[in-house]
Amino acid sequence: MNADRRFAALSERMSAEIAEARLHAEHLRMAEALLFASAEPMTEADLAERLPTGARVGRLVEDIAAYYSGRGVNLVKLAGGWAFRTAGDLSWMMAKDVVEPRKLSRAALETLAIVAYHQPVTRAEIEDIRGVSTSKGTLDTLIEAGWVRLRGRRRAPGRPVTYGTTRSFLDHFGLDAIGDLPGLDELKGSGFFEGRLPTGLAVPLPSDDDALREDEEPLEDGDLFMPLEVEGEDEDEEGEDGAPPSL
Amino acid sequence: MNADRRFAALSERMSAEIAEARLHAEHLRMAEALLFASAEPMTEADLAERLPTGARVGRLVEDIAAYYSGRGVNLVKLAGGWAFRTAGDLSWMMAKDVVEPRKLSRAALETLAIVAYHQPVTRAEIEDIRGVSTSKGTLDTLIEAGWVRLRGRRRAPGRPVTYGTTRSFLDHFGLDAIGDLPGLDELKGSGFFEGRLPTGLAVPLPSDDDALREDEEPLEDGDLFMPLEVEGEDEDEEGEDGAPPSL
Amino acid sequence: MAIGRTIDFDDDDRAPVREDGEPALVVDVGGYEGPLDLLLDLARRQKVDLREISILALAEQYIAFVEEARRMRLELAADYLVMAAWLAYLKSRLLLPEPPKGEEPSAEELASALAERLRRLELIRAAAKALDARTRLGRDVHARGAPEPMAVRTRPLYEASLYDLLKAYAAQRQKQAASRVTLRRRVVWSLVEAREALERLVGHAVDWMVLDDYLVRFVSTPSERATVRASALSATLELAREGRLALRQERAFGPIWLKAASAPRADPVPEPAA
């Protein structure tokens with residue numbers, strides 16, 4: 001019968017197609033495994049060599065790439081071959097932040113202390129008090145630590161940047177307000193000063209108020225992206241050749 | 001109106017569910033990327049640490065495992081964690097030009113099996129079971145392969161070193177936990193674990209737990225640099241003069 | 001006696017040569033790993049279940065094996081012989097009527113301990129085989145060939161205490177204060193100044209006068225007195241040496257009298273022995 005024959009033909013064709021689909025699916029699994037296990041990107045020739053003869057490598061790769069598109073891992077073309085890679089938008093996950101506790105250097109600690117007590121203070125003033133030039137790195141570290149910020153610029157020749165402490169400075173050191181920093185008498189009383197103190201040594205009244213002082217003017221926008229001006233040379237902090245004492 | 005209120009509630013609930021599903025889908029991508037990137041099994045704790053807080057790691061891993069089941073690459077539970085591995089049934093294809101890992105000698109394999117099933121175990125106990133002296137080289141090979149580690153020292157005369165298996169042993173042999181060792185039930189029923197252990201201390205199951213047993217004490221620092229104690233002479237494995245029968 | 005397992009005579013160049021020059025025949029006991037391994041093999045020939053083997057028969061087979069090897073003048077390792085001796089002892093115990101229960105384990109106990117030991121070895125052999133048959137990483141299954149390692153970004157977290165901060169500040173201020181010592185400018189009447197002044201005065205000192213009286217004129221503050229006196233004294237000594245002044249002192253630490261020399265000379269006289 002005609003219908004029977006047609007049915008038989010149809011059924012045969014369908015069987016063949018099913019068999020082919022099954023084979024393709026199996027080849028997909030193999031290609032997927034090969035691509036996963038390979039240390040280097042695999043070219044289509046590499047794949048063809050490893051897969052059973054008759055595998056349609058081009059279609060396999062396309063199918064796998066489509067299958068993985070939008071997923072956490074994508075099949076991408078790299079160096080002429082194909083390789084699985086973490087999806088680009090998830091690359092941030094592939095890095096791990098390790099918080100590494102680090103002790104502040106003595107130079108940084110001293111600079112921070114001067115900023116805290118003498119703020120608003122310029123770099124030249126810090127250097128004047130410390131008697132050595134302050135490296136850019138030291139102030140950078142303190143800014144990075146979130147304890148020191150750029151306040152403004154001093155209304156003075158050269159308009160130097162003024163530094164001050166931040167709220168996070170207060171948090172870290174357990175201070176309620178900058179005024180809670182102990183004064184000279186308290187420092188003496190707590191034994192921080194040893195021996196005789198020269199007369200006339202004064203500890204200023206620091207201010208970390210957001211409002212600028214009269215002798216300060218605001219920073220320009222650009223200042224925030226170039227936070228540390230280079231004042232003269234950047235000598236090593238602990239270098240012997242600090243600035244000569246200016247009497 | 002009642003119908004309106006109900007509709008509003010329904011719509012709200014559905015929005016919430018959609019948002020959750022989206023979040024889960026995004027977490028799936030992230031977990032997939034993390035698991036795919038790592039060559040070693042990741043524990044659920046590892047994953048939780050990397051994923052956004054609130055990610056339901058257990059469900060994520062289950063979903064991914066289900067998603068990849070039957071594929072060329074599967075997510076399998078190994079060494080207490082999860083890892084992607086090529087499907088086991090494709091081994092014939094993968095092995096084609098893989099450099100065959102150094103075949104373990106029978107002595108090494110038996111020694112490894114004794115360590116695995118009998119851990120924590122001393123060298124004397126290994127020798128007792130095998131009926132021959134165990135060469136230093138055999139244990140060295142297993143330690144080098146990363147499958148056997150020095151655990152501690154037995155609280156017994158001579159304080160012999162105790163050996164156990166590593167996480168990488170589990171990973172290599174496709175085991176999730178030491179309790180999954182094949183044929184463990186049979187060995188349990190056989191009184192195998194009674195061994196030579198002093199009565200009363202007999203622990204019926206192998207343990208690769210990091211925690212030392214009651215009859216173990218920690219290694220000293222020096223032990224790690226001189227991993228194999230020399231118990232008497234170091235005879236060659238295949239040497240004719242094994243330990244005399246100690247019955 | 002036929003032993004099932006082949007006994008290979010290993011006569012390759014590893015074979016040791018005996019002292020009498022005759023090559024020793026080494027029994028490669030078919031890869032047996034010691035007497036226990038050999039026993040296990042013999043036992044397996046008896047029964048599948050090691051719990052039902054006859055230790056007596058096993059001992060006899062083992063002893064027969066060893067004797068056969070000896071008859072063929074094969075060298076057997078010592079522990080094979082030790083095991084043979086022990087099995088011979090066990091065999092005799094098993095055959096003799098059991099003595100009343102003493103301290104020693106009975107022959108039956110010894111036999112079952114041996115059977116247990118063989119079973120243990122057999123079990124671990126099976127376990128080792130099962131372990132080897134597992135799908136192994138790098139052989140049967142593979143991990144990601146190109147793992148993407150987790151990059152580690154270290155973020156420094158600076159630590160400092162208020163104590164450190166205050167200590168640093170105080171130390172800094174103190175150091176700075178100490179390093180900036182301002183020396184008070186000392187008023188010094190230099191030797192040159194003193195000489196000039198004295199030279200101008202010499203002309204007036206026609207009669208003896210006390211040096212101090214002159215000095216007083218130049219001394220404005222007590223702090224200057226020492227430097228003025230010292231410089232003036234040095235200058236007068238110099239002038240006296242040049243013969244332009246006469247000096248006189250009546251006692252130690254007494255006032256110093258001076259007057260112009262009677263004949264001032266225009267040029268200083270060179271010292272005879274300077």
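So that the names make sense, note that chain A is the first sequence line, chain B the second, and so on, each numbered from 1. Everything numeric in this text was worked out from a predicted model, so none of it was measured.
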> Does any backbone or side-chain atom of B:Asn74 lie under 4.5 Å from a heavy atom of chain C? Answer side chain, backbone, both or neither.
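For B:Asn74, no heavy atom lies under 4.5 Å from chain C.
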> Hey, could you give me the CZ/CD1 distance between C:Arg125 and B:Ile114, rounded to the nearest 0.5 Å?
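C:Arg125 atom CZ to B:Ile114 atom CD1 measures 8.5 Å (nearest 0.5 Å).
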> Please report the closest heavy-atom contact between C:Leu121 and B:Arg130, naming both atoms and the distance.
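Where C:Leu121 meets B:Arg130 most closely, the heavy atoms are CD1-CA, 3.8 Å.
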> Could you tell me which portion of B:Ala39 (side chain, backbone, both or neither) has an atom closer than 4.5 angstrom to a non-hydrogen atom of chain C?
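B:Ala39 touches chain C through backbone and side-chain heavy atoms alike.
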> Could you tell me which non-hydrogen atom of B:Pro182 sits nearest to which non-hydrogen atom of C:Leu131, and how far apart they are?
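Heavy atoms of B:Pro182 and C:Leu131 come nearest at CG-N, 4.4 Å.
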> Other residues, nucleotides and ligands only: do more than 12 of their heavy atoms fall within 6.0 Å of OH on B:Tyr67?
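Yes, OH of B:Tyr67 has more than 12 neighbouring heavy atoms, counting only those of other groups under 6.0 Å.
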> Can you tell me how far the CZ atom of B:Arg85 sits from the OG1 atom of C:Thr135, to the nearest 0.5 Å?
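Atom-to-atom, B:Arg85:CZ and C:Thr135:OG1 are 10.5 Å apart.
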> Could you tell me whether C:Lys129 atom NZ has more than 12 heavy atoms of other residues or ligands within 6.0 Å of it?
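Check fails, neighbour count at 12 or below.
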> For B:Phe36 and C:Arg144, which heavy atoms make the closest approach, and how far apart are they?
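Taking B:Phe36 first and C:Arg144 second, the nearest heavy atoms are O-NH1, 2.8 Å.
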> Please report the shortest heavy-atom distance between C:Asp37 and B:Arg106, naming the atom on each side.
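Looking at all heavy atoms of both residues, the shortest contact is OD2-NH2, 3.2 Å.
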> Quick one: what part of B:Phe84 sits under 4.5 Å from any heavy atom of chain C, side chain, backbone, both or neither?
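For B:Phe84, backbone heavy atoms alone lie under 4.5 Å from chain C.
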> So does C:Glu108 have more than 12 non-hydrogen atoms from other groups sitting under 6.0 Å from CD?
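For C:Glu108, atom CD is not crowded (no more than 12 foreign heavy atoms under 6.0 Å).
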> Starting at CG of B:Asp128, measure out to CZ of C:Arg117 and round the result to the nearest 0.5 Å.
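B:Asp128 atom CG to C:Arg117 atom CZ measures 5.0 Å (nearest 0.5 Å).
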> C:Asp140 and B:Ser91: which non-hydrogen atoms are nearest, and at how many Å?
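Closest approach of C:Asp140 to B:Ser91, heavy atoms only: O-CB, 3.1 Å.
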> Under a 4.5 Å heavy-atom cut-off, does chain C meet the side chain of B:Leu34, its backbone, both or neither?
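Interface part for B:Leu34: side chain.
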> Taking all non-hydrogen atoms of both residues, which atom of B:Ile129 and which atom of C:Leu36 are closest, and how far apart?
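Taking every non-hydrogen atom into account, O-CD2, 3.7 Å.
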> Quick one, C:Arg134 with B:Leu175, criterion side-chain contact (heavy atoms from CB on, under 4.5 Å). Give me CA distance, side-chain angles, the key distance, then yes/no.
CA-CA 9 Å; C:Arg134 291 190 65 79; B:Leu175 298 163; 3.5 Å; yes
> Between C:Leu137 and B:Asp171, is any pair of side-chain heavy atoms under 4.5 Å apart?
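The answer is yes, as the side chains (C-beta and beyond) meet within the 4.5 Å cut-off.
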